[in-house]
Trainee: 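Before anything else, here's the structure in question.
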Amino acid sequence: MIVDGRVLREDFVPSEVVHRHDEVNLLSEALEPLLYDERPDPAFLFGPTGVGKTCIARYTLAQLREQEPTVRVAYVNCWQEYTRFRVLYSILEAVDRAVDVHRSTPKDELFDRLSRADDGSIVVILDEVDQLEETSALYDLHRLPHVSPVLIANREEELFASFDDRVRSRFHAGTRVRFDRYGTAELAAILANRSEKALEPGVVTDAQLRTIADAASGDARVGLGILRSAARRAERQGLASITTSALEAAIPDARTAIRRKTVEGLIEHQRVLYDVIAEAGEIEPGDLYDVYEKRVEEPKTNRTLRNYLTKMVHYDLIEAVGERRGRTYRLVDENSEITGQDEESEIDPASDSR
DNA sequence: AATCCACTGGAAATCATGGCGC
DNA sequence: GCGCCATGATTTCCAGTGGATT
């Protein structure tokens, strides 16, 4: 049934794009100066999750490299690489200049190396730049004439608010490409395109693709997740095509899968906090600390917990209601992000702690 | 109105880890 | 193998904030 599972992964870069031609054109126009050895302005891609920003950036750069193979591309995800050091390091890694860099390497050595790696342009894709904690890294990149940044973020205002003045003024110019949510029909077309390559013919009907697209409400990542999960379910049951029941089972599954993945990424102490909050529904900080302390062998300090909590707020797992005194913590309400959904998909996070 | 108190989050100190040169 | 030393994680310390209490 599944011919090529990779095509359904969210990080797959298709060989042709569906419904994003305008965006591709805008971005490649912005990067065009690279073909004449000139430096383009920085490019920005803005839009909510699951609208193909990362995908389009990778696709466009792959195209560009076909025309101009000397251009090198470094992809950096700022969720993981959120310090100046790490950003510079992963760029060096991408252009093969990272050998024998170790932690004791002086700070500016990385920058020097990068500035010496000027035998050709480097396009740096900074995904989720709003997660970057040291925006001085952006200033560094701007100082290097052979480096062209492509910045990906959710919202323009929030991104610029996090910049310091130096960076803000440097990046004020630049091409902005905005991505809107996919409509149901558009998303269905994308899913159809992918399933042609990933699945045997006739495995999934157009009507089912529309159902998936509708349930995913414009988020391609969720849509692909549902399709993948449904296909796997059907395959496990030895069926030749996706049935309605397999599809229905896959919908709540995929909707929570992304969250579950982040919950699993938490370390033990963070998960205890998450569970306590989940069980209480809503809890005050003082009580939260008390319950936590009783529940683990070697409790971390209060201050460390506060670091964990801010991190979890950052990950959109929990939310803090109110400021300072009288603040309470609770889980982010899943149904508020996805409009008009049923109550069935609610999970009890306490039950998936192992 | 003054004081208390719970809470937040910045900064500096300390601990743990692991690669490197010798 | 041993000491050195960055880095990252955690802790310690503390100022700031604003609602609650007297």
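Each chain gets a letter, A, B and so on, in the order its sequence line appears, and its residues count up from 1. These numbers were taken from a predicted model, which means no experiment stands behind them.
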Trainee: Suppose we screen for salt bridge (Lys or Arg N to Asp or Glu O under 4.0 Å). Which residues come up paired with A:Arg327, at least two apart in sequence or across chains?
Mentor: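 If we apply the salt bridge (Lys or Arg N to Asp or Glu O under 4.0 Å) test to A:Arg327, skipping adjacent residues, there are no hits.
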Trainee: Distance-only criterion, 3.5 Å: show the donor-acceptor pairs between side-chain atoms of residues 228-235 of chain A and protein atoms not counting sequence neighbours.
Mentor:
from	atom 1	to	atom 2	distance (Å)
A:Arg228	NH1	A:Leu8	O	2.9
A:Ser229	OG	A:Asp253	OD2	3.2
A:Glu235	OE2	A:Ile2	N	3.4

Trainee: Could you tell me whether the side chain of A:Lys197 and the main chain of A:Asp4 form a donor-acceptor pair under 3.5 Å?
Mentor: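 Judged by distance alone, no pair lies under 3.5 Å.
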Trainee: Listed by chain and number, what are the side chain to side chain donor-acceptor pair (under 3.5 Å) partners of A:Thr49, not counting sequence neighbours?
Mentor: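 So A:Thr49 forms no side chain to side chain donor-acceptor pair (under 3.5 Å) with any residue.
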Trainee: Return the value, rounded to whole Å, for the distance between atom CG of A:Leu305 and atom P of C:dT11.
Mentor: 8 Å
Trainee: Show the numbers, then the answer: is there a side-chain contact (heavy atoms from CB on, under 4.5 Å) between A:Glu32 and A:Glu38?
Mentor: CA-CA 9 Å; A:Glu32 208 160 70; A:Glu38 283 167 29; over 6 Å; no
Trainee: Got a sec, which residues hit salt bridge (Lys or Arg N to Asp or Glu O under 4.0 Å) with A:Glu157, two or more places apart in sequence or on another chain?
Mentor: A:Arg155
Trainee: Mind listing the residues from residues 280-296 of chain A sitting with a heavy atom below 4.0 Å of DNA chain C? Number order is fine.
Mentor: none
Trainee: Tell me, please, which residues at least two apart from A:Phe171 pass ring pair (Phe, Tyr, Trp, His ring centres under 6.0 Å).
Mentor: A:His142
Trainee: Does A:Arg170 have any salt bridge (Lys or Arg N to Asp or Glu O under 4.0 Å) partners at least two apart in sequence or in another chain, and if so, which?
Mentor: none
Trainee: Output the rounded distance in Å from CD (A:Glu298) to C1' (C:dA9).
Mentor: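 In whole Å, C:dA9 C1' and A:Glu298 CD are 15 Å from each other.
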Trainee: Send over the distance from A:Leu309 CG to B:dC7 C1', rounded to a whole Å.
Mentor: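 Computing the A:Leu309:CG to B:dC7:C1' distance gives 12 Å.
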Trainee: With sequence neighbours excluded, give me every ring pair (Phe, Tyr, Trp, His ring centres under 6.0 Å) pair touching residues 8-39 of chain A.
Mentor: none
Trainee: Measure from NZ on A:Lys300 to P on B:dC15 and round the result to the nearest Å.
Mentor: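 Atom-to-atom, A:Lys300 to B:dC15, this comes out as 15 Å.
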Trainee: Can you name the residues that form a ring pair (Phe, Tyr, Trp, His ring centres under 6.0 Å) with A:Phe46, not counting sequence neighbours?
Mentor: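 A:Phe46 satisfies ring pair (Phe, Tyr, Trp, His ring centres under 6.0 Å) with A:Phe44 only.
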Trainee: Whole angstroms only, please: what is the CZ-C1' distance between A:Arg327 and B:dA6?
Mentor: 12 Å
Trainee: Could you list the residues that satisfy salt bridge (Lys or Arg N to Asp or Glu O under 4.0 Å) with A:Arg72, not counting sequence neighbours?
Mentor: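 A:Asp119.
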Trainee: Just the rounded figure in Å: distance from C1' of B:dC7 to OH of A:Tyr329.
Mentor: 8 Å
Trainee: Within the sub-3.5 Å range, which N or O atoms of nucleotides 12-18 of chain C have a protein N or O partner, and how far apart are they?
Mentor:
from	atom 1	to	atom 2	distance (Å)
C:dT17	O3'	A:Arg324	NE	3.4

Trainee: Side-chain N or O of A:Tyr308 less than 4.0 angstrom from OP1 or OP2 on C:dA9?
Mentor: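 A:Tyr308 to C:dA9 OP1/OP2: no side-chain N or O under 4.0 Å.
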Trainee: Which dot-bracket string fits DNA chain C when only Watson-Crick or G-U wobble pairs with both atom distances under 3.5 Å count, crossing pairs get [ ], and | stands for a partner on a different strand?
Mentor: ||||||||||||||||||||||
